[in-house]
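These notes are about the structure you will find just below.
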Amino acid sequence: MAELFQAPKGTRDVLPPESDRWQRLVAVFAGVMGRAAYGLVQSPMFEDIGVFQRLGEGTEVVRKEMYDFYDKGDRRLALRPEGTASVVRAFNQHRPTVPWKVWYLTPCFRYEEPQAGRFRQHHQVGAEAIGSADPDLDIEVIALQHDFYRALGLSHLSLRLNSMGSPGDRQAYAERLATWLGQRLGDLDEADRANVADHPLRVLDSKRERTVAVVADAPRITDHLSDEAAAHFARVQAGLDALGVAYEIDSRLVRGLDYYTHSTWEFAAGALTSAQNAVGGGGRYDGLAESLGGKPAPGVGFGAGIERILLAADAEEALLDTAASVDVFVVDVTGGGAGRNLTFELRRNGISADRAFDARSMKAQMKVADRSGARLALLVGEEELAAGTVTLRDLRSGGSQTALARGDVVHEVAARLAR
RNA sequence: CGGGCCGUAGCUCAGUUAGGUUAGAGCGCCGGGUUGUGGUCCCGGAGGUCGGGGGUUCAAAUCCCCUCGGUCCGCCCA
């Protein structure tokens, strides 16, 4: 026997019926974004590694989790670890009219140890609005993300919101924080000390006990915003209030990616007890387009992890599996040809239909018909074939049967299904 | 990168503590229950190198060593 291959570590096959939940999730997302005039963008799953390195040298994602490789042309490429960078790169490349409002569905790759809600390949839906600094776009994007979760039936979600201020504010605050933390190095957890000088904001994100205790008293970014940034933040809060999107301000919220300015936020699933309870997050990234070599262009967007959303949905018993079924099941005990033709005739007239294969017995075919969930069975035996008829059996109401002329089948079935 | 738990049929698991007849169950799958008909019920069947390798022993799913997976926690993140 040849070696039995398995899906690589940290990856999963999504099969029916679970894949049906994916389809519905994506359909809900496409609906929410489509109604808000966001269009689908498809971009390559790999890019020049530089595109992702601009996400920030302070991020774990870039520092040690990148799936990078050299291709046959000696180009250094990487599989995308997140969705925003490629979209911004595409924006720079194509210069669409602004604001450019797009959504995406993509796998993301990160080389890390798998655990509950964490994979080497996971999937995100997300949206970006690029080319406008209007705080109403921050609001629009946050509210759309919120509405997406609600449309899925999720209710136990919390939204934490923060502002990183303008790029200047962020820089000034980082320096202020580095100085403050530098005076308390000895009190920090050893593992966090290395970040103080170069990536002080990362220290705010630490979950280590000693560090958390120290950071509780650290200066808050929201106390050091410029007037302009403070006004932006106030407008965002007012807008969310007006749209009924609940949130709490968390001035220590620092997300994993370094490019955020102004609004930054994260949705967590209260129903998830695992450590990986973030189901999505986003922020404004006014400096990213420029750092990717484009003209300066502000932008704002979010990503949401499909696997995590489905875990949260499981916990809330939302977005449940629905048994996929067809309307009609065709049983043919005359060899299969008549049933094949009838099945396609139904399908070509917009009626979902399936059939059995391998010339099995009528009993066996009826079992399959039952499992298929079909409302109606159409039976073709030697008698029907000779008489030019098809027997219609109602599988739900006790099994009443009627004979139909072969030529009337589609019409009759359609009429029955319409009831 | 550090740590815990777990690998026996397609799935969920017994059996491992005190090694011993052809390794079991439920579900699922296939066939049958007399002359074309599902869901309940009954009968039968297929399907497992007990994760892999080595060792101890008359004898290993069971004991020992190594190894590979899976899973979960920390850290980090969706």
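- Spacing between atom CG of A/D189 and atom C1' of B/C76 amounts to 14 Å, rounded to whole angstrom units.
- One finds no salt bridge joining A/D147 and A/R150 here, because no Lys/Arg side-chain nitrogen approaches an Asp/Glu carboxylate oxygen to under 4.0 Å.
- Taking the six-membered ring for Trp, A/F29 and A/W103 have ring centres closer than 6.0 Å.
- Nucleotides B/C27 and B/G47 are separated by 14 Å at their C1' atoms, to the nearest Å.
- The residue A/E113 sits close to a base: some heavy atom pair falls under 4.0 Å.
- Nucleic acid contact for A/T391: none, since no nucleic acid atom lies under 4.0 Å from a heavy atom of the residue.
- Residue A/R308 places none of its side-chain N or O atoms closer than 4.0 Å to OP1 or OP2 of B/C77.
- Going from atom CG of A/D205 over to atom P of B/C75 covers 11 Å, rounded to whole Å.
- A salt bridge is absent between A/K101 and A/E128: the closest approach of a Lys/Arg side-chain nitrogen to an acidic carboxylate oxygen does not fall below 4.0 angstrom.
- As rounded to the nearest Å, B/G48 and B/G24 have P atoms that lie 14 Å from one another.
- Which of B/A78, B/C76, B/G38 sits closest to the side chain of A/F119 comes down to B/A78.
- Rounded to whole Å, the P atom of B/A78 lies 48 Å from the corresponding atom of B/A61.
- Neither OP1 nor OP2 of B/G38 sits under 4.0 Å from any side-chain N or O of A/R396.
- The only option from A/V409, A/L346, A/L376 that meets the side chain to side chain contact (heavy atoms under 4.5 Å, CB included) definition with A/I351 turns out to be A/L346.
- Distance noted for atom C1' between B/U21 and B/G33: 35 Å (whole Å).
- With both ends at atom C1', the span from B/G10 to B/C73 equals 31 Å, rounded to whole Å.
- Taking atom CD of A/E383 as the reference point, atom P of B/U35 lies 14 Å away to the nearest angstrom.
- Not one side-chain nitrogen or oxygen of A/R118 sits closer than 4.0 Å to the OP1 or OP2 atom of B/U71.
- Interface remark: the A/Q365 side chain does not form any donor-acceptor pair with the B/U37 base, using a distance-only criterion of under 3.5 Å.
- No contact: A/V125 has no heavy atom under 4.0 Å from any strand.
- With a 3.5 Å ceiling on both atom-pair distances, the Watson-Crick or G-U wobble partner of B/G2 is B/C73.
- A/L154 has its CG atom 18 Å from the P atom of B/A78, to the nearest Å.
- Proximity note for A/S361 (side chain, C-beta onward) versus B/U37, B/A78, B/G32: the nearest is B/G32.
- For the P atoms, the distance linking B/A25 with B/A9 amounts to 14 Å, nearest Å.
- Residue contacts shown for A/E384 include a base, since a base heavy atom lies under 4.0 Å away.
- Straight-line distance between the C1' atoms of B/C1 and B/C77: roughly 15 Å, to the nearest whole Å.
- If you check every strand for non-hydrogen atoms under 4.0 Å, A/E112 touches a base.
- The interatomic distance linking A/K363 (NZ) with B/G36 (P) rounds to 13 Å, in whole Å.
- Within the structure, a side-chain polar atom (N or O) of A/K9 is placed less than 4.0 Å from OP1 or OP2 of B/G70.
- Listed nucleotides: B/C75, B/A78, B/G31. Nearest to the side chain of A/A364: B/G31.
- When distances are taken from the side chain of A/R110 to each of B/C76, B/C72, B/C77, the shortest belongs to B/C77.
- Under a 4.0 Å N-O distance rule, the pair A/D358/A/R360 does not qualify as a salt bridge.
- Within the cation-pi definition used here (under 6.0 Å to the ring centroid, within 45° of the axis), A/R340 does not qualify as a partner of A/F344.
- An OP1 or OP2 oxygen of B/C77 is reached within less than 4.0 angstrom by a side-chain nitrogen or oxygen of A/R202.
- The pairing partner recorded for B/A25 is B/U12, the criterion being a Watson-Crick or G-U wobble arrangement whose two distances lie under 3.5 angstrom.
- For the pair A/Q115 and B/U71, the criterion of a side-chain N or O lying under 4.0 Å from OP1 or OP2 is not met.
- Closest to the side chain of A/R208, from the set B/C75, B/U37, B/C72, is B/C75.
- What separates CG of A/N195 from C1' of B/C76 is a distance of 12 Å, to the nearest Å.
- In this structure, A/Q124 places its CD atom 7 Å from P of B/A78, rounding to the nearest Å.
- Comment: A/D354 engages A/R347 in a salt bridge, judged by a side-chain N to carboxylate O separation of less than 4.0 angstrom.
- Remark: P of B/C30 and CG of A/D370 are 12 Å apart, rounded to the nearest angstrom.
- Under the 6.0 Å cut-off for aromatic ring centres, A/W100 and A/H94 do not qualify, their centroids lying 6.0 Å or more apart.
- Between A/R120 and the phosphate of B/C77, there is no side-chain N or O to OP1/OP2 separation shorter than 4.0 Å.
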